[in-house]
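Inspection log for the structure reproduced underneath, given as structure tokens.
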Amino acid sequence: VKLRSSLLRPAAYLVSLQASAQIGPSRQAGVRAVRLYVTPGAPAPVTVFGPDTAVVNPASEHLLTGLPERYLHLDWVYRWYQLAGEDALIGSSSILGVSTDLLGFVAGVLTAGQAYRFRLEVGAGSGVGFAELDLIAAAAPSGGRLTV
């Protein structure tokens with residue numbers, strides 16, 4: 001998808017994509033929403049990749065990877081921030097620190113039932129580019145009935 005820059009003003013936009021595919025006799029469909037931030041200047045475009053699903057097991061290790069579009073400039077400065085959820089960036093919870101393109105968490109750092117948002121900012125001489133990723137730490141099942 002190409003967006004004409006003359007039509008965009010500095011702001012946050014929500015872009016939704018709906019796709020479907022015919023696989024044999026069955027049809028598969030999916031929807032994905034992405035927040036697009038338009039900022040002034042010429043910041044480094046960056047994307048954050050994480051687990052295959054937004055809901056993760058808090059008892060497992062997790063790795064977030066930042067990938068600038070024009071990879072790799074030695075003068076770029078990376079910085080991770082946590083924007084939502086209980087503090088997961090304190091102490092030894094972050095495996096690699098917050099100043100690299102990778103952010104890892106040891107098992108048990110994310111709190112079950114919490115929604116998290118992480119942001120990677122990439123600073124360059126032309127501005128700061130950033131990307132965000134949302135994760136939800138799955139809560140253990142509760143209530144209900146089991147009949148055998």
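Numbers for residues simply follow the sequence, beginning at 1. Small disclaimer: the values here were computed from a predicted structure and weren't measured.
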> Any side-chain heavy atom of Phe118 within less than 4.5 Å of one from Leu135?
Replying inline: yes
>> If we check side-chain contact (heavy atoms from CB on, under 4.5 Å) with Leu120, which of these qualifies: Tyr81, Phe130, Tyr78?
In response: Tyr78
> How does the hydrophobic cluster around Ile136 look, that is, which other residues are in it when side-chain heavy atoms under 4.5 Å mark a link?
Replying inline: Val55
>> Could you work out, with side-chain contact (heavy atoms from CB on, under 4.5 Å) as the rule, every residue matching Gln18, not counting sequence neighbours?
In response: Val31
>> Please evaluate residues Val48 and Thr65 with respect to the criterion side-chain contact (heavy atoms from CB on, under 4.5 Å), reporting the C-alpha separation (whole Å), side-chain torsions for both, the decisive distance (0.1 Å), and the verdict.
In response: CA-CA 6 Å; Val48 174; Thr65 305; over 6 Å; no
> If only atom types and distance count, is the side chain of Tyr116 paired as donor or acceptor with the main-chain N or O of Asp87 below 3.5 Å?
Replying inline: no
> Considering residues at least two apart in sequence or located in another chain, which fulfil the salt bridge (Lys or Arg N to Asp or Glu O under 4.0 Å) criterion with Glu86?
Replying inline: none
> Partners of Gln22 by side chain to side chain donor-acceptor pair (under 3.5 Å), sequence neighbours excluded?
Replying inline: Arg27
>> I need the full list of salt bridge (charged side-chain N to carboxylate O under 4.0 Å, His left out) pairs touching residues 107-118, with sequence neighbours left out, sorted by first then second residue.
In response: Arg117-Glu132, Arg117-Asp134
> At what distance, to the nearest 0.5 angstrom, does CG of Leu102 lie from CH2 of Trp80?
Replying inline: 8.0 Å
Side chains of residues 140-148: which donor-acceptor partners sit under 3.5 Å, not counting sequence neighbours?
none

> Between Ala112 and Ala139, what is the shortest heavy-atom contact and its length?
Replying inline: CB-CA, 4.0 Å
> Looking only at atom types and distance, does a side-chain atom of His62 sit under 3.5 Å from a main-chain N or O of Leu103, one as donor and one as acceptor?
Replying inline: no
